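What follows is a short report on a single structure.
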Amino acid sequence: KILGSTEDLTAAANVERQTKLRDRLKKFFHRRPTMESIKQKGIYKGSCFWVDFWVARGRPVMSLASSADEPVFGRPLSALCEAERRLVPDFVSRCVGAIERREENLQADGLYRASGNLSQVQKIRCQVDQYNFNVLDEEEDVHVLTGTLKLFFRELPEPLIPTCLHERMISAAGVLSGKEKAAQYHELVGRLPKCNYETLRFILLHLKRFLPF
């Protein structure tokens with residue numbers, strides 16, 4: 001009888017553990033966010049980087065998001081400006097505005113050198129590709145904002161200064177005469193497409209603002 005009682009207690013304990021485990025799993029799946037909610041938060045956007053990250057297993061995070069169907073990131077600058085009917089992309093002007101909104105941002109150590117949180121950068125990327133630009137004003141970490149801006153330019157299919165001008169730009173950098181160097185740069189910049197020229201000008205004016213700091 002004692003042996004039987006012990007076996008009964010063991011069996012009852014196992015049933016109780018299984019019941020608790022089943023209840024925990026039910027609660028977990030009930031708490032799991034919906035696909036729509038994680039899309040709204042920018043965690044997942046169809047082919048966005050979170051899913052690709054686990055599929056690729058080890059590829060650099062910053063290169064994982066597919067930009068083929070993204071309306072902002074990875075889109076040719078000329079096509080983006082034409083679609084927005086602007087000479088400087090809306091994202092670029094808004095992101096710079098968010099960076100310059102606070103003077104302490106311009107005084108931050110390692111501005112454009114220090115890296116922001118990569119997952120937050122990608123979250124903003126996904127939100128921007130859903131035309132939610134408010135996320136830029138809500139971001140408190142200036143390094144996340146600068147990281148997102150750098151990512152935008154890094155993912156342009158054609159660089160801001162087109163590849164066809166790279167060799168001449170490098171050659172001009174080696175000119176010893178300051179006057180001649182400036183003349184060559186002036187001539188080369190004048191060859192840029194209008195949207196490239198205006199965007200480059202906009203970024204250089206932005207960078208000039210925090211030089212005194």
Side-chain angles (χ1 to χ4, degrees), residues 62-63 65 67 70-118 120-129 131-173 178 181-213:
M62 299 301 284
S63 67
S67 59
E70 292 183 80
V72 178
F73 282 80
R75 192 172 184 183
L77 187 63
S78 58
L80 180 57
C81 290
E82 183 179 357
E84 296 181 345
R85 297 185 179 181
R86 299 170 58 95
L87 291 176
V88 177
D90 196 18
F91 163 74
V92 173
S93 60
R94 286 173 180 259
C95 191
V96 167
I99 293 169
E100 296 182 351
R101 184 180 62 236
R102 300 175 180 175
E103 184 173 316
E104 57 264 31
N105 285 348
L106 301 181
Q107 302 178 36
D109 290 335
L111 196 62
Y112 286 105
R113 291 198 309 273
S115 298
N117 183 281
L118 297 184
Q120 186 65 13
V121 168
Q122 289 288 0
K123 178 179 177 180
I124 291 179
R125 173 214 187 111
C126 291
Q127 288 291 308
V128 167
D129 276 327
Y131 299 107
N132 177 18
F133 293 105
N134 291 333
V135 70
L136 298 172
D137 294 321
E138 296 167 0
E139 179 55 54
E140 298 291 334
D141 188 343
V142 67
H143 297 299
V144 169
L145 292 172
T146 57
T148 309
L149 186 61
K150 289 189 292 184
L151 178 63
F152 171 82
F153 285 107
R154 186 161 57 246
E155 295 210 344
L156 287 175
E158 178 74 6
L160 186 59
I161 298 176
T163 307
C164 62
L165 295 179
H166 282 185
E167 290 298 326
R168 293 197 59 186
M169 283 286 185
I170 294 173
S171 177
K181 180 184 295 187
Q184 289 193 29
Y185 276 140
H186 186 272
E187 188 267 332
L188 291 171
V189 169
R191 294 187 174 207
L192 293 174
K194 187 65 174 176
C195 57
N196 294 59
Y197 175 87
E198 293 296 339
T199 302
L200 177 62
R201 181 174 181 273
F202 182 82
I203 289 298
L204 290 177
L205 287 174
H206 162 60
L207 297 177
K208 184 179 178 182
R209 288 188 183 100
F210 65 78
L211 284 179
F213 300 105

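Small disclaimer: the values here were computed from a predicted structure and weren't measured.
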Measuring from [X]:[atom1] to [Y]:[atom2], what's the distance to the nearest 0.5 Å?
X	Y	atom1	atom2	result
Ile99	Thr146	CD1	OG1	6.0 Å
Cys81	Lys194	SG	NZ	11.5 Å
Arg101	Leu145	CZ	CG	7.5 Å
Met169	Thr163	CE	OG1	12.0 Å
Glu70	Asp129	CD	CG	4.0 Å
Arg75	Leu156	CZ	CG	12.0 Å

Which atoms form the tightest heavy-atom contact between [X] and [Y], and what is the distance?
X	Y	value
Phe210	Leu106	CB-O, 3.7 Å
Lys181	Ala173	NZ-O, 3.4 Å
Ser78	Cys195	CA-SG, 3.8 Å
Leu87	Thr199	O-OG1, 3.3 Å
Gly110	His143	O-CE1, 3.8 Å
Lys150	Tyr112	NZ-O, 3.2 Å

Indicate yes or no for a side-chain donor-acceptor contact from [X] to the backbone of [Y] under 3.5 Å, with no hydrogens or angles considered.
X	Y	value
Gln120	Val144	no
Asn105	Glu100	no
Ser171	Glu167	no
His206	Ser93	no
Glu158	Pro76	no

Using a strict threshold of under 4.0 Å (side-chain N to carboxylate O), is an ion pair present between Glu140 and Arg102? yes
Identify which one of Asp141, Leu136, Asp137 satisfies the side-chain contact (heavy atoms from CB on, under 4.5 Å) criterion when paired with Glu139. Asp141
Evaluate the side-chain proximity of [Y] to [X]: yes if any heavy-atom separation is below 4.5 Å, no if none is.
X	Y	value
Leu77	Phe153	no
Pro89	Phe152	yes
Leu188	Ile161	no
Cys164	Arg191	no

Run the numbers on Arg168 and Glu187 for salt bridge (Lys or Arg N to Asp or Glu O under 4.0 Å), then give the verdict. CA-CA 10 Å; Arg168 293 197 59 186; Glu187 188 267 332; 3.1 Å; yes
Hey, mind stepping through Leu165 and Leu192 against side chain to side chain contact (heavy atoms under 4.5 Å, CB included) and telling me if it holds? CA-CA 9 Å; Leu165 295 179; Leu192 293 174; 3.8 Å; yes
Steps toward salt bridge (Lys or Arg N to Asp or Glu O under 4.0 Å) verdict (Glu155, Arg125): CA-CA 11 Å; Glu155 295 210 344; Arg125 173 214 187 111; 2.7 Å; yes
More than 12 non-hydrogen atoms from neighbouring residues, nucleotides or ligands closer than 6.0 Å to OH on Tyr197, yes or no? no
Would you please test Ile203 and Leu149 for side chain to side chain contact (heavy atoms under 4.5 Å, CB included) and show each step? CA-CA 10 Å; Ile203 289 298; Leu149 186 61; 4.3 Å; yes
